[in-house]
Amino acid sequence: MKQTFDLYKQYFGVTQSDLDVGKVMNGMSPAHQAIPTTDKGIELIKYYNGREVFLPIQLFTNNGLCLDLYLCTVRISSQKTIIRTQVSERKGTIKEKFNIGDYIINIKGMLVGENQSFPDKEILKLKELYETTDSVELYCALTELFMTGSRKIVINSLEFPEVEGKGYNMRPFTLECETDFVDTLIQI
């Protein structure tokens with residue numbers, strides 16, 4: 001975990017308190033605990049290598065490709081389109097809300113290889129998710145609050161920053177995604 005924290009700190013500026021994944025609740029093993037979920041049934045906690053991870057992410061496509069991301073941070077942002085009209089002999093402008101833009105979802109995380117190996121399988125899955133022309137769906141308790149009615153996203157960019165040192169079994173990555181709410185367009 002220390003090596004993971006060092007890479008997070010180096011590449012993403014994340015602090016130790018941001019990475020605290022908690023302890024096993026009340027001394028009980030994960031198998032004996034009820035996993036808390038959101039109102040929509042999305043798990044708030046999963047267990048990865050025997051440790052509790054808060055806000056795990058799952059990406060999948062209709063053709064069965066699935067990737068679980070456990071060591072991530074998520075940032076959500078959006079901007080409104082607002083029409084501002086100047087009016088003579090008046091201070092300021094009149095504002096009309098025109099539209100709420102897409103939600104931009106930035107995911108920064110680590111891909112960790114099984115048994116201390118290089119995470120080539122995970123990198124290839126993430127690459128395939130980025131390159132797919134199928135719709136990609138995102139399951140995460142935090143994004144569920146913003147993505148009403150649809151979990152579809154478009155992956156705009158994928159980055160694997162350079163890694164210095166001996167962390168060959170971990171690979172940092174950054175995904176920039178945006179919501180994709182429109183399923184079909186009907187021409188009248």
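Nothing fancy with the numbering, it's 1 onward along the sequence.
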So [Y] and [X], do their side chains get closer than 4.5 Å, heavy atoms only?
| X | Y | value |
| --- | --- | --- |
| L175 | S157 | no |
| E96 | T85 | yes |
| L158 | L126 | yes |
| Y70 | V112 | no |

Atom pair [atom1] ([X]) and [atom2] ([Y]), whose distance is rounded to the nearest 0.5 Å:
| X | Y | atom1 | atom2 | answer |
| --- | --- | --- | --- | --- |
| I153 | C177 | CD1 | SG | 4.0 Å |
| Q58 | E137 | CD | CD | 10.0 Å |
| K97 | I83 | NZ | CD1 | 12.5 Å |
| Q79 | N99 | CD | CG | 12.0 Å |
| K108 | R75 | NZ | CZ | 6.0 Å |
| R84 | F98 | CZ | CZ | 13.5 Å |

task: Report, as yes or no, whether the 6.0 Å neighbourhood of atom NZ on K95 holds more than 12 heavy atoms from other residues, nucleotides or ligands.
output: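 Yes.
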Taking all heavy atoms of [X] and all of [Y], pick out the closest pair and write down the distance.
| X | Y | answer |
| --- | --- | --- |
| L138 | M147 | CD2-SD, 4.3 Å |
| I155 | L129 | CD1-O, 3.8 Å |
| Y139 | R151 | OH-NH1, 2.9 Å |
| L111 | P119 | O-CG, 3.6 Å |
| E114 | S117 | O-OG, 2.6 Å |
| P161 | P172 | CD-O, 3.4 Å |

Given the rule that I, L, V, M, F, W and Y join up when any side-chain heavy atoms are under 4.5 Å apart, are [X] and [Y] in one cluster?
| X | Y | value |
| --- | --- | --- |
| V154 | I105 | no |
| F118 | L69 | yes |
| L65 | Y130 | yes |

inquiry  = Could you check whether any side-chain N or O of T174 sits under 3.5 Å from a backbone N or O of E159, counting only pairs where one atom can act as donor and the other as acceptor?
reply    =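 Not at all, since once roles are kept as given, no pair shorter than 3.5 Å links the two residues.
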Looking at T93 and Q86, would you say the former's side chain and the latter's main chain have a donor-acceptor pair under 3.5 Å?
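Here the side-chain-to-backbone pair does not exist.
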Practice problem: Starting from the C-alpha separation in whole Å, work towards a yes-or-no answer on side-chain hydrogen bond (donor to acceptor under 3.5 Å, both in side chains) for N62 and D134. | Solution: CA-CA 7 Å; N62 291 336; D134 291 339; over 6 Å; no
Quiz item: Pick one: which of I76, I57, I107 meets side chain to side chain contact (heavy atoms under 4.5 Å, CB included) with C140?
Solution: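 One option only clears the test, and that one is I57.
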inquiry  = Test side chain to side chain contact (heavy atoms under 4.5 Å, CB included) on S135 and F60; report intermediate values, then the result.
reply    = CA-CA 9 Å; S135 63; F60 66 93; over 6 Å; no
